[in-house]
J.: 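First, the structure itself, so that you have it in front of you.
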2 protein chains.
Amino acid sequence: MSLKIKDIAEKANVSVATVSRVLNGSDKVSQETREKVMEVIEKYNYQPDKIATSLRRKKTGIYGIIFSVKGGKVLEDTYSTKFLKGVLNYLSKKGLKLIVDIHESSDIVEYYDSVIQSKIIDGFILLDLRKNDERIKFLNQKKFPFVVIGRNDENDFVYVDSDNVSGAYMAIKHLEELRCKRVLYISGNEGIPVSEQRLRGVESASNDLNVSVDVVYGDFDEEKTVEILKSILKKGFDYDGIFCASDTMAYAAIKFLKRFGIEVPIIGYDNIPLSEVVGLTTVDQNIIKIGYSAAQALDKMVNGEEVVSLVVPSKLVKRQSTLNFSKRYFK
Amino acid sequence: MSLKIKDIAEKANVSVATVSRVLNGSDKVSQETREKVMEVIEKYNYQPDKIATSLRRKKTGIYGIIFSVKGGKVLEDTYSTKFLKGVLNYLSKKGLKLIVDIHESSDIVEYYDSVIQSKIIDGFILLDLRKNDERIKFLNQKKFPFVVIGRNDENDFVYVDSDNVSGAYMAIKHLEELRCKRVLYISGNEGIPVSEQRLRGVESASNDLNVSVDVVYGDFDEEKTVEILKSILKKGFDYDGIFCASDTMAYAAIKFLKRFGIEVPIIGYDNIPLSEVVGLTTVDQNIIKIGYSAAQALDKMVNGEEVVSLVVPSKLVKRQSTLNFSKRYFK
DNA sequence: AGTTTTAATGTAATCGATTACATAAAGAGA
DNA sequence: TCTCTTTATGTAATCGATTACATTAAAACT
């Protein structure tokens, strides 16, 4: 049906080798021949078969992301989509492709192995990094290219991460600018890197600036947040500002405290769509940029270039949940 | 590095043809030989190179979805993700892969053509169907397999669509059950299939049941909705129920009317995440199922099976925006 | 002019599978 | 026992590119 390199070669009166050379710009082909061949290629709108090319070159130009299915909550948040968008922005610019896949979290290493063996993919982007992640050990040992989103203590890999430290710092700084003196920070789960990084930012801001911050460990979710606030209320609530490690927590806090007539500046983290609707001030982690950079890093790595890990800055999105309080002091 | 069929053949003391036969279960291989070969395959954890297989078979086992970038609002909603999830649920079960891609809406046909010519993909799923869609003409003419999400009047293709007619019918029926008599339906843009289908459901319910429905055309968005309500308020608002063609519209309506002290049962369409938070009753379109079915249909089509188009039923999710009013009458 | 170098192109092997065709061995039928 | 099937397996072509190596012609050098 569709033309192959041999057909083009015949029509242009040259050998397939010459057509291939023209196609790949590389070798020395005379200007004359090059033009003659290009003419035929354009006339017939010829494009090489990527499968054949891949077989020969041992490189497909396809990268992979495998979402682990746990509980079924994969690919339901806007995080995944924004991330994909960033990745695709880079890849589409380069004519590269992305395979998106899902798999149960069990046997995950085996699954990566089978994908590698199938030879379809040149490299992976890893999401949902865990402590002591088996995938990383495996891929490192296989010397198969990959880039990780997020980081942990080991860091025997190239990663792209959002700057949780400065993100949290900005949040506290903003509260300080609103004249908050005693801030409550409800952290995410203890012991995971994201929580530790954000806590570091909080503490660093509290040291630099004129704010005292109390830290309580939550778990990124609503229920636990309410529980924490309940026990604090019992002892008497005397904070004049709250920072939560996620928007979900912050939203829960606002709703809960309102019932007790308590209204203080509150900041969340993540900038989920709901936050825009309810006017929650929050830290926005440029997820698109993270995706873009990860794809770029992976691509460089696959092509043998030197690659360094990267921390992408976040920005504070100021909305009513804090701005309403600025009127009290300014203007 | 990794083993090829030739290595397996040598280790098992048979020819590559025999190994291939064992691999593909097909031909007649003696029980004895089959076991001998399987043993070697398992011992070395051999897996065929999919690129080589694809070249020979002229089929890759990879399907494609191309998101059109227009304005930049692609892949930002939960629709895309849920849809992907459905597609992936099917494909991963079958060991098939999905390439997710984006492209400017201009030159879109050319882009599909180039993807086809690259031979990477066995078939497409088309999103964002338009009237008189060029892609469909092109793919039909090329006889390249594809399945469409949504449908239009032409329907010279296989599609999977959500049942907008019955979705809208259920909404009106629910309002009727709450004893609404005069309902306002704010439709989506006039002239597009989704709007027409939903309108059909509304009208059919209005005929069957004891409700009168006034229809106004909006555009699925907030601003226009508010505009419409403003002009209605001027003439005097005497509806006892509202149905909107999207959750975004419904949420805008609730917010706007509240300012005038108007509170009536309101139903939206789409079940966006916000709706759960604010308690909006809405029609949920089972997007995951739609994705799953589309992938399945495409797969059948590629494998030469007979395929029929499919309409996936939606369900009504009842929440406070209507249930609050049921107390007025029942209990 | 004769030899060497350089540039341009062609020939054929290769990537790793599948499969049409060939062949050998075993079983069936006479 | 001899021929005819049938069954199991092997040989080699093929998919459509890339590329090492060979070859030829032209340019450069002595």
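Here is how names work: the chains are called A, B, and so on, in the same order as the sequence lines, proteins then strands, and each is numbered from 1.
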J.: Where along residues 92-99 of chain B does a heavy atom fall under 4.0 Å from DNA chain D?
T.: none

J.: Any protein N or O atoms within reach of nucleotides 18-21 of chain D? Criterion: under 3.5 Å, listing atom names and distances.
T.:
{"from": "D:dT18", "atom 1": "OP1", "to": "A:N24", "atom 2": "OD1", "distance (Å)": "3.4"}
{"from": "D:dT18", "atom 1": "OP1", "to": "A:N24", "atom 2": "ND2", "distance (Å)": "3.1"}
{"from": "D:dT18", "atom 1": "OP1", "to": "A:R57", "atom 2": "NH2", "distance (Å)": "3.3"}
{"from": "D:dT18", "atom 1": "OP2", "to": "A:S20", "atom 2": "OG", "distance (Å)": "2.5"}
{"from": "D:dT18", "atom 1": "OP2", "to": "A:N24", "atom 2": "ND2", "distance (Å)": "3.4"}
{"from": "D:dT18", "atom 1": "O2", "to": "A:R56", "atom 2": "NH1", "distance (Å)": "2.2"}

J.: Got more than 12 heavy atoms from elsewhere within 6.0 Å of CD, B:E134?
T.: no

J.: Give me the bend of the helix from C:dA1-D:dT30 to C:dA30-D:dT1, using the axes of the five pairs at each end, rounded to 10°.
T.: 50°

J.: Would you verify whether the NZ or CZ of A:K11 falls within 45 degrees of the ring axis of A:Y44 while also being under 6.0 Å from that six-membered ring's centre?
T.: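 So A:K11 does make the cation-pi contact.
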
J.: What is the nucleic acid contact for B:K58, judged by heavy atoms within less than 4.0 Å: base, sugar-phosphate only, or nothing?
T.: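 Here B:K58 touches the backbone only, sparing every base.
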
J.: Checking B:K137 against B:N132: is there a side-chain donor and acceptor pair closer than 3.5 Å?
T.: yes

J.: With a non-hydrogen cut-off below 4.0 angstrom, is A:T33 in contact with a base, only sugar-phosphate, or nothing?
T.: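 If one applies the 4.0 Å heavy-atom cut-off, A:T33 turns out to touch the sugar-phosphate alone, with no base involved.
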
J.: Determine whether a donor-acceptor pair (N or O, by modelled atom type, separation under 3.5 Å) exists between the side chain of A:N45 and the backbone of A:E42.
T.: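 Side chain of A:N45 to backbone of A:E42, a donor-acceptor pair under 3.5 Å: no, none is there.
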
J.: With a non-hydrogen cut-off below 4.0 angstrom, is A:K6 in contact with a base, only sugar-phosphate, or nothing?
T.: nothing

J.: Give a yes/no answer on whether the side chain of A:Y46 brings an N or O atom under 4.0 Å of OP1 or OP2 in D:dG16.
T.: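 Checking D:dG16 against A:Y46, no side-chain N or O comes under 4.0 Å of OP1 or OP2.
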
J.: Which pairs with one or both residues in residues 291-308 of chain A pass salt bridge (charged side-chain N to carboxylate O under 4.0 Å, His left out), sequence neighbours excluded?
T.: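 Checked against salt bridge (charged side-chain N to carboxylate O under 4.0 Å, His left out) - neighbours excluded - no pair reaches residues 291-308 of chain A.
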
J.: Output one letter per nucleotide in nucleotides 23-28 of chain C: B when a protein non-hydrogen atom lies under 4.0 Å from the base, S when only the sugar-phosphate is that close, - when neither is.
T.: ------

J.: Would you mind checking if B:K4 and B:D49 are paired as a salt bridge, meaning a charged N to carboxylate O distance below 4.0 Å?
T.: no

J.: Among pairs that include at least one residue of residues 124-148 of chain B, which meet ring-ring contact (aromatic ring centres under 6.0 Å, His included), considering only residues two or more places apart or in two chains?
T.: B:Y112-B:F124, B:F124-B:F144

J.: Hey, is the side chain of A:S30 poking within less than 4.0 Å of OP1 or OP2 on C:dT9, counting only N and O atoms?
T.: yes

J.: Verify whether one side chain among B:T78 and B:T81 offers a donor that lies under 3.5 Å from an acceptor in the other.
T.: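 Looking only at side-chain atoms, B:T81 and B:T78 do not form any donor-acceptor pair under 3.5 Å.
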
J.: Any side-chain heavy atom of B:F67 sitting closer than 4.5 Å to one from B:I65?
T.: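 Yes, their side chains come closer than 4.5 Å.
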
J.: In this structure, which one of B:D7, B:V40, B:L23, B:V37 forms a side chain to side chain contact (heavy atoms under 4.5 Å, CB included) with B:Y46?
T.: B:L23

J.: Between B:F157 and B:Y159, how do the two ring planes meet: parallel, tilted or perpendicular, split at 30° and 60°?
T.: perpendicular

